[in-house]
Amino acid sequence: MTENLTGLTEWFQTPPGQYLLGWEQTQFDLAVADLFGYNAMQLGLPELHTLKTNRMPHRWLALPEELQSLVAQHARAGDSNEQPGRMRVALITDAAALPFPAASLDLVVLPHTLELSADPHQVLREVERVLVPEGRVVISGFNPGSLWGLRQGRARLSGRLGVLGRPDLFLPDAGEFIGPWRLRDWLRLLSFEVESDRFGCYRPAMKTDKWLQRTAWMDRAGARWWPIFGAVYFVVAVKRVRGMRLLGPAWKPRRVATPAPVPVANRR
């Protein structure tokens, strides 16, 4: 697993990795800016600062132990690529067993966390447990139905069959892709309601920045003509609790009863 994480961390420094991280950072900035509460947590992927635009007073970055060891190795090697304002690791934990009481977090962000987990459904169950009613989870993942996903799947199949001259993997061989429709089913079973979803990164699986720039027009065309085939998907879901009704603030001023007018008899 550590080797897979190492490959993914190195891939994020390549031109296609930077292209994908740039798109995802924009989506996270827009999605979490107006989500309010007290406690927010990003679980995984330190290359992104997913809570940068969020205004909750308590925001944490939590990493699994394997990923934290990789971050420490890169820091010692002097190639951590740390940016100003980037979140520091506040917690080392297993995503499938979060050390939080039930209904204690308002927002949980999972950037590629599920596909790197050995038990992604258990991770979602833990997220549902720690979220408050009406709390939100924001998820990003690779789309297996995209051009990138199809090339990756073909390379994996060729490797299993032992085909000579099989195509190289475009993405690191880390984790298992989870399709967006499969994710929707999991969320529905856990009483989540999908508020919004979108796809992005429609450029072909090119490894050089030159060819990625030449195919930049496909981002505009793809969003219009083949929207569900983006290389990455982005989902915002809210935890619903049956039988619970949220009360709004009592800001309306009370009406003061005015005394009824008293008729005065005409005196002649």
Side-chain angles (χ1 to χ4, degrees), residues 7-35 42 44-54 81 83-86 109-116 138-159 165-184 194-237:
L8 186 62
T9 299
E10 293 175 352
W11 182 84
F12 279 131
Q13 305 305 319
T14 65
Q18 291 293 301
Y19 160 57
L20 182 138
L21 288 178
W23 184 86
E24 288 194 353
Q25 185 66 64
T26 300
Q27 305 310 311
F28 281 115
D29 289 347
L30 294 173
V32 306
D34 295 326
L35 298 182
Q42 173 183 335
L45 200 61
E47 287 83 3
L48 285 175
H49 187 349
T50 65
L51 300 174
K52 182 173 61 175
T53 62
N54 186 261
N81 295 324
Q83 300 173 359
R86 179 174 175 175
V109 183
L110 304 176
H112 298 277
T113 307
L114 296 178
E115 58 204 7
L116 295 175
V138 185
I139 304 168
S140 67
F142 288 110
N143 179 15
S146 65
L147 293 175
W148 294 17
L150 292 175
R151 174 173 173 176
Q152 189 79 353
R154 185 183 62 172
R156 284 180 173 179
L157 180 61
S158 300
R166 64 183 180 89
D168 294 331
L169 291 171
F170 178 68
L171 299 169
D173 194 13
E176 191 70 29
F177 291 171
I178 300 171
W181 294 274
R182 183 182 176 193
L183 177 62
R184 273 181 168 269
V194 174
E195 277 192 332
S196 64
D197 61 350
R198 66 197 69 130
F199 295 81
C201 299
Y202 296 93
R203 305 179 197 183
M206 303 293 184
K207 294 185 177 181
T208 64
D209 184 66
K210 175 183 177 181
W211 284 103
L212 285 172
Q213 295 300 327
R214 285 188 176 184
T215 56
W217 61 270
M218 295 186 69
D219 282 332
R220 298 185 297 273
R224 181 175 182 181
W225 298 109
W226 53 91
I228 63 174
F229 296 117
V232 62
Y233 59 83
F234 189 86
V235 176
V236 180

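What's counted below: heavy atoms across the whole structure, side chains too, no hydrogens, waters or symmetry copies.
When side chains are defined from C-beta on, Y19 counts as touching D219, because their heavy atoms get closer than 4.5 Å. Using a 4.5 Å heavy-atom cutoff, the side chains of S140 and H112 are in contact. T50 places none of its side-chain heavy atoms less than 4.5 Å from the side chain of V32. Between T208 and P15 the shortest side-chain heavy-atom distance does not fall below 4.5 Å. Inter-residue side-chain proximity for V138 and F234 is flagged as met; some heavy-atom pair is nearer than 4.5 Å.
By the ring pair (Phe, Tyr, Trp, His ring centres under 6.0 Å) test, Y233 pairs with no residue at all, sequence neighbours left out. R198 meets the salt bridge (Lys or Arg N to Asp or Glu O under 4.0 Å) test with no other residue; sequence neighbours excluded. Applying the side-chain contact (heavy atoms from CB on, under 4.5 Å) criterion to T215, with sequence neighbours excluded, gives R203, P204, M218. Residues passing the side-chain hydrogen bond (donor to acceptor under 3.5 Å, both in side chains) test with D29 are Q25, sequence neighbours excluded.
The two residues L183 and V235 make their nearest non-hydrogen contact at CD2-CG2, 4.2 Å. Minimum heavy-atom separation, C201 to L20: SG-CA, 3.9 Å.
The CD atom of E115 sits 6.0 Å away from atom CZ of F142, with the distance rounded to the nearest 0.5 Å.
Using a distance-only test at 3.5 Å, with no hydrogens or angles considered, no donor-acceptor pair links the side chain of N143 to the main chain of P180. In this structure, Q42 contributes its side chain and G44 its backbone to a donor-acceptor pair below 3.5 Å.
Sequence neighbours left out, not one pair with a member in residues 14-23 passes salt bridge (charged side-chain N to carboxylate O under 4.0 Å, His left out).
Just one of V109, L110, T113, I178 meets the side chain to side chain contact (heavy atoms under 4.5 Å, CB included) condition when paired with I139; it is L110.
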Check: residues 220-231 side-chain donor-acceptor pairs under 3.5 Å, at least two apart:
none

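Aromatic ring orientation, W11 versus W148: perpendicular (interplanar angle above 60°, classes split at 30° and 60°).
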